[in-house]
Protein chains: 2
Amino acid sequence: MTNVTTAAADHGSPGPARRARGEQTRQLILETALRLFRERGYAETTMRAIAKEAGVAVGNAYYYFDSKEHLIQGFYDRNQHEHRAASAEILAASTDFAARLRGVLHAGIDVNEPYHSFAATFFKSAAEPSSPLSPFSRESSPARDASIAIFRDVIEGSSAKLDPELRKELPELLWLGWMGVILFWVHDKSPGQRRTRRLIDGTVPLIDRLVGLSRLRVLRPALRQILALIESVRRDD
Amino acid sequence: MTNVTTAAADHGSPGPARRARGEQTRQLILETALRLFRERGYAETTMRAIAKEAGVAVGNAYYYFDSKEHLIQGFYDRNQHEHRAASAEILAASTDFAARLRGVLHAGIDVNEPYHSFAATFFKSAAEPSSPLSPFSRESSPARDASIAIFRDVIEGSSAKLDPELRKELPELLWLGWMGVILFWVHDKSPGQRRTRRLIDGTVPLIDRLVGLSRLRVLRPALRQILALIESVRRDD
DNA sequence: ACCATAACTTGAACGCGTTCAAGTTATGTG
DNA sequence: CACATAACTTGAACGCGTTCAAGTTATGGT
């Protein structure tokens with residue numbers, strides 16, 4: 001809200017005439033924070049501990065990050081990139097829609113797996129609608145768009161033939177499903193989160209069949225109805 | 001965790017040889033808290049303010065409630081009862097499955113409507129898997145079971161004919177869908193949350209049709225596959 | 001009636017996230 | 001080179017949720 005804070009928020013995208021020192025300190029604080037989160041958990045890591053470990057004053061951390069929660073955004077960005085990279089390999093290997101979708105979903109779980117124990121701890125931050133960490137918030141729209149783009153790739157590069165109207169909506173729908181999988185995963189306490197794996201393996205064939213059916217003329221009215229529903233619910237914010 | 005705290009937790013179900021004074025204080029604190037939440041919002045209401053307004057020491061509130069979040073459970077219970085009462089009227093009016101389901105969902109939104117602005121504030125508490133406020137937690141299983149029972153009534157009292165296997169699973173599935181509607185509602189900033197209303201009105205006919213289709217012999221294998229998926233995902237915790 | 005014990009109540013104190021007025025350091029300009 | 005200004009850094013202080021040792025009050029057994 002203050003001038004200082006607004007200026008600090010700009011650090012996200014490195015401008016042209018930016019001092020190097022600031023970015024360095026920012027990275028130092030972020031990496032120290034993520035390391036301590038991994039080692040001790042989110043709630044158990046205090047801002048004082050982060051500052052002390054990074055060798056700066058506690059107020060300095062608040063110059064670069066609006067709050068403790070905002071440090072998590074760095075974690076999101078990192079995992080997002082890892083998911084994209086892991087997905088690229090899978091998408092290069094096959095053109096079968098089901099195989100592509102299944103691979104991308106499993107890759108997403110793989111990437112997040114090491115953080116399962118403390119992902120739950122800060123997941124609540126993401127659930128609050130007003131929080132900038134919410135996957136539906138404006139502040140996470142870059143990350144959201146990047147994530148939706150992965151699912152667009154799943155469809156575009158696949159040999160699956162589907163209704164053109166559905167094709168436009170499907171990436172966002174798959175992303176929504178992915179959020180559901182994440183929600184399930186966070187609550188999944190089974191060893192290795194194998195219930196989440198089973199959920200993916202069981203759901204993908206159903207989606208695959210449904211998507212294939214979308215071109216049948218008999219089902220056209222039903223499909224239009226569903227698409228109209230989505231459109232009507234999306235209207236006005 | 002301490003003896004005192006454990007004893008306090010027992011107050012939820014009034015024992016036989018319980019002192020009246022304690023229950024009175026408990027109610028006083030809870031009602032004061034809910035009133036202040038409504039007036040000022042959850043985050044803006046401090047435990048000190050609740051204690052002061054109720055005329056007790058702050059430590060006394062912690063004798064009856066493990067934490068500030070636990071005060072919300074009282075809010076849940078109250079709304080749960082209101083939903084049940086509002087649903088009873090609707091369920092007495094019609095035996096049509098779609099009308100019953102639609103009515104119960106709208107009634108649920110009606111009951112929660114006055115609290116929309118601050119429901120979002122404490123919704124994050126419910127999203128954390130480890131939180132006792134999570135709808136999936138063991139501590140909320142009584143409230144969850146009561147909520148599922150409403151959807152069982154929707155089905156049992158309806159004239160809809162459906163596959164017996166599906167009939168067993170459907171109440172819990174509808175409850176899960178209801179949680180999804182609530183999640184949508186919490187994020188819904190449209191005036192009067194009319195997008196949520198549209199979501200309900202658009203989804204209910206689809207569910208109705210799907211449920212009706214469940215008895216068709218051609219779709220039997222697909223249905224069995226879905227039920228098997230649910231079963232496999234439910235296994236082991 | 002008496003007292004041991006459980007039920008209840010108190011408020012100071014702790015550690016936390018966060019703020020901010022005051023400092024220090026680097027940079028671009030004359 | 002000097003100096004005004006923006007960038008950065010500091011740590012004490014604030015209000016919060018929560019804890020707990022110490023009190024007070026009511027109850028059941030004798």
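Every chain is numbered from 1, with letters handed out A, B, ... down the list of sequences. Since this is a predicted model, take the numbers as computed values, not measurements.
For A57(B), taking side-chain heavy atoms from C-beta onward, the closest of the listed nucleotides dG17(C), dT18(D), dT10(C) is dT10(C). Candidate nucleotides dG17(C), dT9(C), dT10(D) were compared by shortest atom distance to the side chain of Y63(B), and dT9(C) ranks first. Taking the side chain of T46(B) as heavy atoms from C-beta on, and the options dC8(C), dG17(C), dG17(D), the nearest nucleotide is dG17(D). When the nucleotides dA13(C), dT18(C), dT10(C) are ranked by their closest atom to the side chain of R48(B), dA13(C) comes out on top.
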Evaluation steps, salt bridge (Lys or Arg N to Asp or Glu O under 4.0 Å), between E31(A) and R35(A): CA-CA 6 Å; E31(A) 272 160 39; R35(A) 176 169 62 81; over 6 Å; no

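Of the nucleotides present, dT5(C) is the one that pairs with dA26(D) by Watson-Crick or G-U wobble criteria, both distances under 3.5 Å.
Between the CD1 atom of I29(B) and the P atom of dT10(C) there is a distance of 9 Å, rounded to whole Å. Nucleotide dT25(C) holds its C1' atom 15 Å from the CD atom of Q24(A), rounded to whole Å. Distance CD (E23(B)) to P (dC8(C)): 9 Å, rounded to an integer number of Å. Between the CZ atom of R26(B) and the C1' atom of dA7(C) there is a distance of 15 Å, rounded to whole Å. A straight line from OH of Y42(B) to P of dC16(D) spans 14 Å, rounded to a whole angstrom. Per the geometry, CG belonging to N60(B) stands 13 Å off C1' belonging to dG23(D), to the nearest Å. As a whole-Å value, the separation of F65(A) CZ from dT18(C) C1' is 16 Å. Look at OH on Y64(B): it is 8 Å from C1' on dT9(C), rounded to the nearest Å.
Here the two rings, on Y115(A) and F75(A), have centers that are under 6.0 Å apart.
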With a 3.5 Å cut-off and sequence neighbours excluded, list the donor-acceptor pairs that the side chains of residues 172-186 of chain A form with protein atoms.
| from | atom 1 | to | atom 2 | distance (Å) |
| --- | --- | --- | --- | --- |
| E172(A) | OE1 | R234(A) | NH1 | 3.3 |
| E172(A) | OE2 | R234(A) | NH1 | 3.2 |

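Among the atoms of the strands shown, base atoms are found under 4.0 Å from some heavy atom of V58(A).
Nearest-nucleotide assignment on DNA chain C puts the 5′-proximal partner with M47(A), out of M47(A) and G59(A).
Under 4.0 angstrom from either OP1 or OP2 of dT9(D) there lies at least one side-chain N or O belonging to T25(A). Within the 4.0 Å cut-off from OP1 or OP2 of dT19(C), not a single side-chain nitrogen or oxygen of Y62(A) is found.
A cation-pi contact, defined as under 6.0 Å to the ring centre and within 45° of the axis, links K68(B) to Y42(B).
Residue-environment remark: CZ (R78(B)) stays at or below the threshold of 12 foreign heavy atoms within 6.0 Å.
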